[in-house]
Amino acid sequence: MSSPLRVAILTPNLTLGGAERWVLSLVRHFDPAQVVVTGVIVSGWGGIDTGMSREARLLTTLHSHNPGGRPEHARAYDPEGVQMHESLPAAIAYVCQTADVLLSWGDPSLGSVLPPGLPIPCVLTSHTTIDNDKQRPMHPQITHFAAVSQAAAAYFAGRAGSDGQPVTVIHNGAETWRLSPSRTRAEMRQQWGWSATDVVIGYVGRFCAEKNPGAAMRALSQLPAHFKAVHYGDPGHPSYTVTPALQAQAGACSGRAQLHVPVNQVGDVFHAVDVLMLASQREAASLTLLEAWLCGVPVVATPVGSVPELEAVHGQLTIPVGLAATAEELAAAVLLATGKVGQAIAHKTRTLAWSNFTAEQMAANWAAYLQTLVR
C-alpha cells in the first residue's frame with residue numbers, strides 16, 4: 001500500500017469566511033489513507049479567529065509569524081496554540097519540509113513569500129471573481145492553478161505568468177456536521193419571538209456591501225406582515241461593514257427583522273427559515289448556497305458565482321433575481337420560492353447537493369487532483 005500524500009496548506013487568514021472554511025473542511029475531510037496534512041500556515045499579516053483556531057488545532061498544527069506590526073486593517077489575531085516562526089517563509093519551509101505539495105489561496109504575490117527553490121508543486125486556488133489587479137504577474141514559483149468555480153477561474157485569465165495555463169475547477173462542498181440542528185424549529189422561532197405560521201426569510205453571511213444583506217428587508221416592504229427576516233453574519237471590519245446601515249434598516253421594520261452574530265451550528269438557522277435570500281453582487285462559489293440546498297431550503301439568488309454554470313448543467317436550481325432587483329421583484333421571488341415551485345426546486349437541489357456538494361466529496365475531488373501533481 002502506497003503512503004498517503006502529504007499536503008501543506010497556506011492561507012492568508014483563518015477568520016470567518018468561505019475560503020477559510022474551505023481550508024478547515026479539507027483538513028477535516030481528507031481521507032487519512034490518501035492525504036495527511038502536515039500543517040496549516042497562516043500569514044501574520046492576516047487574522048486568526050479564536051473559534052476557528054481552536055477548531056483547526058483539533059485537526060492539525062497551526063503555524064504563523066510576527067511581522068513586527070500588523071496593519072491597521074487586519075482582523076483580530078489570536079496566537080494561542082499557534083507555533084510561531086521568525087518569518088512567513090520560515091513557517092512555510094518548516095511545514096513543507098515533509099510535504100509533497102503546497103496548497104494555497106490568495107493573490108499572485110504568494111510566490112514572493114515562498115522559500116526560494118521550494119522543491120514541491122505549489123497550487124494557487126482562486127476563491128474570487130475580482131480581477132482588478134491584473135497588472136500583478138503570477139510568481140514563477142506557483143506551478144499550478146485551480147479555482148472553486150468556472151467563474152473564479154477567470155481570475156487567472158489575462159494575467160502574466162498564468163494566462164494560457166490550465167486551471168482545474170473543483171467545486172466547493174459544505175460540511176454536513178454543521179447542518180445538524182441542535183435546536184428545533186419551534187425553539188428557534190420562540191427565540192426570535194415569531195410563530196410557526198410566520199414566513200421567515202434567512203440571510204447567512206458577512207455584513208458587507210457586496211453580499212447585499214439588506215435585500216431580505218427590502219422584500220419585506222412589499223410582503224404581508226407575517227413575513228419576517230433574520231440575518232446571521234459577521235459584522236466584519238469597520239472599513240467594510242454595512243452593519244450600522246443594516247441595524248437602521250432593521251429598526252425601521254417594526255420588529256419584523258433581526259440581526260444576530262454568526263453561529264457555528266448553522267443548521268439551527270437553516271431548519272428554522274423558509275427561504276434563503278442570496279442576492280449577492282458577486283460570489284465565487286457560495287457555501288451558504290450549498291448549505292441551504294443540503295437543508296432543503298429554497299434559495300432566491302442572483303446569477304453570480306457558480307450558479308450559472310451549475311444551472312447550465314442541472315437546470316433551474318434557484319429562484320432568480322437580477323443584480324438590480326427592486327423591492328417588488330425581491331418580494332415576488334420570495335413568494336415564488338415559498339410556494340410549490342420553490343418547494344419542487346428545493347427537493348431537487350437537496351438531492352443534488354447530497355450527491356455532489358458535501359465536504360467529503362469535495363475533499364475526495366481535491367485528493368484525486370493533488371495526487372496527479374505528484375505521481
Side-chain angles (χ1 to χ4, degrees), residues 7-30 36-97 99 102-107 109-110 112-115 122-128 148 172 174-175 177-178 204-208 211 232-241 243 261-266 284 287-288 359 363:
V7 177
I9 300 179
L10 172 62
T11 176
N13 300 284
L14 196 62
T15 50
L16 298 177
E20 293 86 347
R21 178 53 60 182
W22 169 81
V23 170
L24 292 188
S25 296
L26 289 178
V27 175
R28 176 177 284 108
H29 294 288
F30 275 139
V36 172
V37 175
T38 61
V40 173
I41 311 113
V42 186
S43 168
W45 288 282
I48 298 181
D49 174 76
T50 298
M52 295 193 75
S53 174
R54 290 173 180 168
E55 192 176 329
R57 286 184 281 114
L58 291 174
L59 305 167
T60 186
T61 56
L62 286 183
H63 301 260
S64 190
H65 69 107
N66 185 345
R70 303 181 67 247
E72 293 183 1
H73 69 271
R75 294 192 173 196
Y77 181 94
D78 183 357
E80 182 181 355
V82 179
Q83 298 183 33
M84 302 301 289
H85 301 263
E86 64 180 8
S87 66
L88 185 53
I92 297 170
Y94 181 87
V95 179
C96 287
Q97 63 184 335
L102 174 64
L103 176 61
S104 64
W105 72 278
D107 61 42
S109 64
L110 165 69
S112 63
V113 299
L114 297 180
C122 176
V123 182
L124 179 62
T125 308
S126 170
H127 283 264
T128 185
V148 294
N172 279 340
E175 294 185 288
W177 69 270
R178 300 179 69 230
V204 178
R206 296 195 308 275
F207 293 163
C208 57
K211 299 289 187 180
Y232 280 79
D234 175 20
H237 190 274
S239 300
Y240 307 103
T241 185
T243 301
V261 297
V263 292
N264 206 32
Q265 211 64 26
V266 290
L287 283 176
T288 301

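One N or O on the side chain of T288 and one on the backbone of V204 form a donor-acceptor pair closer than 3.5 Å. Under a 3.5 Å cut-off, the side chain of R206 and the backbone N or O of D234 do not form any donor-acceptor pair. In this structure, the side chain of Q83 does not engage the main chain of H65 through any donor-acceptor pair within 3.5 Å. Checked by atom type and distance alone, the side chain of T61 never pairs as donor or acceptor with a backbone atom of G39 at under 3.5 Å. Under the 3.5 Å distance criterion, the side-chain polar atoms of T241 are matched with a main-chain donor or acceptor of P235.
With respect to W105, the side-chain contact (heavy atoms from CB on, under 4.5 Å) criterion is satisfied by exactly one of L10, T11, V123: T11.
Within the 4.5 Å cutoff, side-chain heavy atoms of C122 are placed close to those of L110. Contact annotation: the side chain of D49 never approaches that of E20 to less than 4.5 Å [non-hydrogen atoms, C-beta and beyond]. Annotation: side chain of L26 is not in contact with side chain of V7 (no heavy-atom distance under 4.5 Å). Put simply, the side chain of S64 does not reach to within 4.5 Å of the side chain of H85, judged on heavy atoms. Counting heavy atoms from C-beta on, the side chains of V266 and Y232 never come closer than 4.5 Å. Two residues are said to be in side-chain contact when any heavy atoms from C-beta on lie closer than 4.5 Å; S53 and D78 fail this criterion. Within the 4.5 Å cutoff, side-chain heavy atoms of L88 are placed close to those of W45.
The distance from the CD atom of E55 to the OG1 atom of T50 is 12.5 Å, given to the nearest 0.5 Å. Summarising the geometry, atom CG belonging to L59 is positioned 7.0 Å from atom CG belonging to L24; distances are rounded to the nearest 0.5 Å. Taking CZ of R21 as the reference point, atom CG of N172 lies at 12.0 Å (rounded to 0.5 Å). The CZ atom of R54 sits 13.0 Å away from atom CD1 of I48, with the distance rounded to the nearest 0.5 Å. One finds the CD1 atom of I92 at 13.0 Å from the CD1 atom of I9 (value rounded to the nearest 0.5 Å). How far CE of M84 is from CG of L62: 11.0 Å, rounded to the nearest 0.5 Å.
Heavy-atom minimum distance, L16 versus P262: CD1-CG, 3.9 Å. Closest approach of A359 and S25 over heavy atoms only: CB-CB, 4.2 Å. Minimum heavy-atom separation, V148 to T125: CG1-CG2, 4.2 Å.
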R57 vs E80, salt bridge (Lys or Arg N to Asp or Glu O under 4.0 Å): CA-CA, chis, key distance, verdict: CA-CA 10 Å; R57 286 184 281 114; E80 182 181 355; 5.0 Å; no
Working for side-chain contact (heavy atoms from CB on, under 4.5 Å), residues Y94 and T38: CA-CA 10 Å; Y94 181 87; T38 61; over 6 Å; no
